[in-house]
Amino acid sequence: MTTRRTTLASRIGLPAAVVGLLLFTLFPVYWMVSTALDPKASLRGSDVLPSGISFEHFEFVFDKGNFGTYLMNSAIVGLTTIVAAALLSLFAAIAVARFKFRFRTSVLIMILIVQMVPLEALVIPLFIQMRDYDMLNSLLGLSIVYIALSLPFAIWTLRGFVATVPKEVEEAAYIDGASWPRMFWSVLLPLVAPGLVATSIFAFITAWNEFVFAYTFMKGSDKYTAAVGIYQFFGENSTAWGPVMASSTLVTVPVMIFFVIVHRKLGSGLAAGAVKG
Amino acid sequence: MPAPRGPRQPDGAAESARRRKKLITLTRPWLLLAPSLVVLAGLLLWPLIQVGKLSLQDYKVKFGGGEATFTGFDHYSDLLTSSLLWKTVLPNTVFFAFACVGLTVALGTLVALLLNRLGATWRMICSIAILAAWAMPAVTGTYVWIWLFQPQDGMVSQIAGSVGLIDPETTNWFTERVPFYAIATLNVIHHGFPFVAITVFAGLLTIPKELYEAGELDGANAWQRFWNITVPTIKPVFLVVTILSTIWDFKVFTQVYLQPGGDGSNEEVYNLGVFSYIQAFAKNDYGTGAAAAVLLTVLLLIITVVYIRTLFRQGEEDL
């Protein structure tokens with residue numbers, strides 16, 4: 001009796017849940033892309049299918065909106081952040097996962113606490129500091145902020161990964177006569193590579209998606225990042241929805257492709273971080 | 001460094017080698033940590049101290065720097081006695097955050113359980129859909145939700161109008177706090193539940209199947225099995241996702257700021273973050289903005305302390 005009810009429930013319940021999930025997750029994405037392609041974007045209303053397919057909004061955001069520059073700025077900031085954050089967090093993760101030392105727990109707790117600092121609390125003093133040092137409008141200045149923002153989570157995630165590498169593997173390498181740097185490159189690094197991938201993704205996403213700092217610090221319009229660049233098409237009273245959705249698509253799709261390619265590593269990275277953290 | 005003990009003094013060379021080794025062991029973790037600590041201290045900790053200092057001052061912008069006058073706790077007493085804080089800003093912040101956390105964790109867990117019951121193909125399809133929602137940046141996600149709920153020509157407005165639910169000519173979802181935050185909540189859940197779903201799902205995979213078989217033999221129904229087997233077994237995972245969601249959802253800024261009226265033009269929909277930002281950057285009142293930022297930080301600090309204490313009390317992991 002229980003089994004029959006379960007089968008009946010799952011026969012209707014499971015497909016319904018799957019359809020609901022797909023609609024909720026994908027409809028906004030579909031709506032964004034199809035509005036971007038719809039030549040009469042702002043008149044769409046409740047038409048599920050676009051009135052036609054054209055790339056005119058994409059051409060507009062590149063020709064008139066300078067969006068190529070913004071994408072380039074975002075890419076530069078994102079890559080700088082990935083490289084620096086991955087390197088720094090790997091060193092720090094090795095330190096806290098591999099060595100016993102005084103104040104280790106205090107360091108870990110401090111890292112946890114700075115993760116909760118609200119951006120709005122930082123944006124005021126950092127703005128004043130950056131202005132005093134003439135660092136506003138600088139892609140490097142923005143990258144440094146993003147490196148700091150992505151470090152706490154990166155260290156916690158990588159810490160789980162380094163901890164799962166058995167110490168015996170390292171010791172075996174030492175016995176075979178490897179030096180510490182050699183052990184690092186040929187033993188530890190390959191084993192924590194999935195964790196580094198997960199960390200890099202988060203660092204990149206942080207930098208690519210961030211709005212508050214980029215919006216506050218970058219006032220010269222050729223220094224906008226892509227996330228801020230969309231804002232210019234957005235008006236309080238009349239919004240050009242075609243360009244807004246076309247530029248939104250340009251910001252979103254690279255991240256989605258990235259996610260889908262690396263999603264296996266991402267899942268295990270999070271699990272290691274969460275379970276070990 | 002302690003002096004060598006014992007009657008037998010080792011010879012000089014061995015002693016200095018031993019010392020060097022000890023020095024390396026002592027400093028190596030700190031050398032590895034140094035770059036991260038410098039960045040974190042310089043860009044997160046130091047500004048946090050500065051914002052505390054700023055909240056006790058009146059800061060005037062001057063060419064080539066600023067001028068600060070010490071005002072004591074004036075900004076705090078003004079802030080804590082304003083009805084705007086108690087009637088609008090705090091309720092908006094707190095209710096919105098808890099609604100987002102509760103719904104995000106609930107939906108994420110349901111989806112994780114769903115993924116666990118699906119076959120390989122559908123699990124793959126659903127995972128990719130979840131990743132798509134997750135990968136959508138907060139900024140672009142927000143624009144799409146605004147576009148869907150846009151007065152008059154937005155899809156939801158037109159559908160609600162055509163079935164007679166609202167008058168699309170006069171209804172603006174964004175002017176009142178409840179619909180405004182309902183849309184923001186939908187947006188935050190859409191963006192936030194994938195993290196919970198994927199993390200909880202990874203946790204579910206670690207639960208031995210035998211536990212459920214034993215539970216079924218004992219006659220436990222699905223709900224009892226979930227509550228008595230799943231939840232206790234992966235409690236650490238639930239703790240982490242709940243606390244992280246809480247920390248993230250108290251800090252939501254972009255999703256509120258970008259919605260029509262959320263940039264400070266409508267006082268009804270202020271939350272702490274937006275209030276702080278507007279005071280500092282639109283009204284040039286850095287002191288009050290900083291005081292509000294400190295208030296938000298204290299709220300989050302309390303939550304984080306609870307988090308750390310729970311982690312410690314659990315005693316799992318030697319931190």
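So you know, we letter chains A, B, ... as the sequences are listed, proteins then strands, and number each from 1.
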The reported gap from NE2 in His191(B) to OG1 in Thr25(A) (rounded to nearest 0.5 angstrom) is 14.0 Å
Look only at the side chain of Ser36(B) and the backbone of Leu88(A), and say whether a donor-acceptor pair between them is shorter than 3.5 Å. yes
Is there a side-chain contact between [X] and [Y] in this structure, where contact means two heavy atoms from C-beta onward sitting under 4.5 Å apart?
X         : Y         : answer
Val107(A) : Leu33(B)  : yes
Leu43(B)  : Val145(A) : yes
Arg98(A)  : Leu32(B)  : no
Leu44(B)  : Leu151(A) : no
Phe91(A)  : Leu31(B)  : no
Trp134(B) : Ile205(A) : no
Val48(A)  : Met155(B) : yes

Is [X] close to chain A through its backbone or its side chain, or both, or neither, when contacts mean heavy atoms under 4.5 Å?
X         : answer
Val144(B) : both
Leu300(B) : both
Leu186(B) : both
Phe201(B) : neither
Leu110(B) : neither
Trp147(B) : both
Phe250(B) : neither
Val111(B) : side chain
Leu301(B) : both
Tyr277(B) : side chain
Leu205(B) : neither

Using a 6.0 Å cut-off, check whether atom CH2 of Trp46(B) has over 12 heavy atoms from anything other than its own residue.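 For Trp46(B), atom CH2 is not crowded (no more than 12 foreign heavy atoms under 6.0 Å).
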Tyr143(B) and Ser247(A): side chain to side chain donor-acceptor pair (under 3.5 Å), yes or no, with the steps? CA-CA 11 Å; Tyr143(B) 286 127; Ser247(A) 46; over 6 Å; no
Of all of Met245(A), Arg102(A), Met32(A), which one pairs up most often with chain B through heavy atoms under 4.5 Å apart?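 Ranked by contacts with chain B, first place is Met245(A).
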Parallel, tilted or perpendicular, judged at 30° and 60°: which one describes the rings of His190(B) and Phe24(A)? perpendicular
